[in-house]
There are 2 protein chains.
Amino acid sequence: MGKQLTEMLKGTLEGLVLAILSGRPAYGYEITAWLRDQGFSDIAEGTVYALLVRVERRGLVDVEKVPSEKGPPRKVYSLNAQGRAYLEEFWTTWSFLAERLERLREGGK
Amino acid sequence: MGKQLTEMLKGTLEGLVLAILSGRPAYGYEITAWLRDQGFSDIAEGTVYALLVRVERRGLVDVEKVPSEKGPPRKVYSLNAQGRAYLEEFWTTWSFLAERLERLREGGK
DNA sequence: TTCGCTACTCAGCAACGCTAGCTACTGGTA
DNA sequence: TACCAGTAGCTAGCGTTGCTGAGTAGCGAA
């Protein structure tokens, strides 16, 4: 799937991760693993961490440092109120785009 | 919708335009107008033209110069076989992403 | 001749994901 | 003891993409 997916993830990966966090708090390593499990096999580790730093800096998530039994402490992220509002916006934007694309796909057949 | 849509369009605008061309040949100005009509109100002219140059250079479209009654000659683009294959790929990638996002949206409720 | 519409082009910028590294803690193995 | 794999996080530099803002050019109407 490669390059097309890479470009498509720009702008959607953020929503994807926030959507995960809206279900339950999670930490970077875990999120990366989950994404890979879901078929996003070539998601780079660094990408997820950079994204998390970004959303934290924008105040969309709360962070808590939690010690791990195996390895360094985890940074557990959870969606806060601002993040929830932002995610709502994301779904609106996503629906807007998805509707128009789907309409084109139908028409093109 | 602004910034979120801008980022989301990276990777999808290309498919959007190719999908338009799969229905009928069209030229840049026309495509921009159509997009604005569909609600992509802040699509920049330059963006569409740059995209068209890109897909032409990659051999996904054929180009024909057609004189216009009003204004400079039009560059009419039409999707060729390679473009059609690429568009197929695009739909596959899009479905992959859309499915996973939709699943998250359901689960998050 | 000036305005507005049509039609295309281009340089410079910002945002984002990827590449390719690095640090650091734990437990198991040679 | 020394080493390695797995866990966990971080970073600099790069390429791609869309936007900003400006420019060129042709045509018809005021």
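Naming: A, B, ... by sequence-line order, numbering from 1 per chain.
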What is the distance, to the nearest angstrom, from the CD atom on B:Gln4 to the C1' atom on D:dG18? 16 Å

Rounded to the Å, how far apart are A:Leu51 CG and D:dG9 P? 14 Å

Any side-chain heavy-atom pair of A:Val17 and A:Leu52 under 4.5 Å: yes

State whether A:Lys75 places a side-chain N or O below 4.0 Å from either non-bridging phosphate oxygen (OP1 or OP2) of D:dC10. yes

Grab the N/O contacts between the protein and nucleotides 5-7 of chain D below 3.5 Å, and write none if there aren't any.
unit_1: D:dT7; atom_1: OP2; unit_2: A:Tyr29; atom_2: OH; d: 3.0
unit_1: D:dT7; atom_1: O3'; unit_2: A:Lys70; atom_2: O; d: 3.2

Who are the side-chain hydrogen bond (donor to acceptor under 3.5 Å, both in side chains) partners of A:Glu102, not counting sequence neighbours? A:Arg105, B:Trp94

For B:Glu89, is there an ion pair with A:Lys3 - N to carboxylate O distance below 4.0 angstrom? no

Can you check whether A:Leu35 reaches A:Leu16 side chain to side chain, under 4.5 Å on heavy atoms? yes

What is the distance from NZ of B:Lys65 to P of C:dA7, rounded to the nearest Å? 13 Å

Reckon A:Arg54 has a side-chain N or O less than 4.0 Å from the OP1 or OP2 of C:dG17? yes

Hey, does the side chain of A:Tyr49 come within less than 4.0 Å of D:dC10's phosphate (OP1/OP2), counting only N and O? no

Please state how far atom CG in B:Leu52 lies from atom C1' in C:dC10, giving the value in whole angstrom units. 15 Å

For the pair made of CG in B:Asp42 and P in D:dC19, what is the distance, rounded to whole Å? 7 Å

To the nearest Å, how far apart are B:Met8 CE and C:dA15 C1'? 14 Å

A:Glu69 or A:Thr47, whichever maps to the more 5' nucleotide of DNA chain D: A:Glu69

Mind checking if A:Arg57 touches a base, just sugar-phosphate, or nothing, with heavy atoms under 4.0 Å? nothing

Residues sharing A:Val66's hydrophobic cluster, by side-chain heavy-atom contacts under 4.5 Å among ILVMFWY, directly or via others? A:Tyr27, A:Tyr29, A:Tyr49, A:Val76

Rounded to the nearest angstrom, tell me the gap between atom CD in A:Glu45 and atom C1' in C:dA20. 12 Å

Name all pairs fulfilling the salt bridge (charged side-chain N to carboxylate O under 4.0 Å, His left out) condition that reach into residues 63-82 of chain A, sequence neighbours left out, sorted by first residue then second. A:Glu56-A:Lys75

Looking at A:Phe96, does the NZ or CZ of A:Arg100 lie under 6.0 angstrom from its six-membered ring centre and within 45 degrees of the ring axis? yes

Looking at side-chain heavy atoms only, is the closest gap between B:Ile31 and B:Tyr77 below 4.5 Å? no

Just how far, in rounded Å, is P of D:dG9 from CD1 of A:Ile43? 16 Å

For residues 9-18 of chain A, which residues have at least one heavy atom under 4.0 Å from DNA chain D? A:Lys10

Listed by chain and number, what are the salt bridge (Lys or Arg N to Asp or Glu O under 4.0 Å) partners of A:Glu7, not counting sequence neighbours? A:Lys10

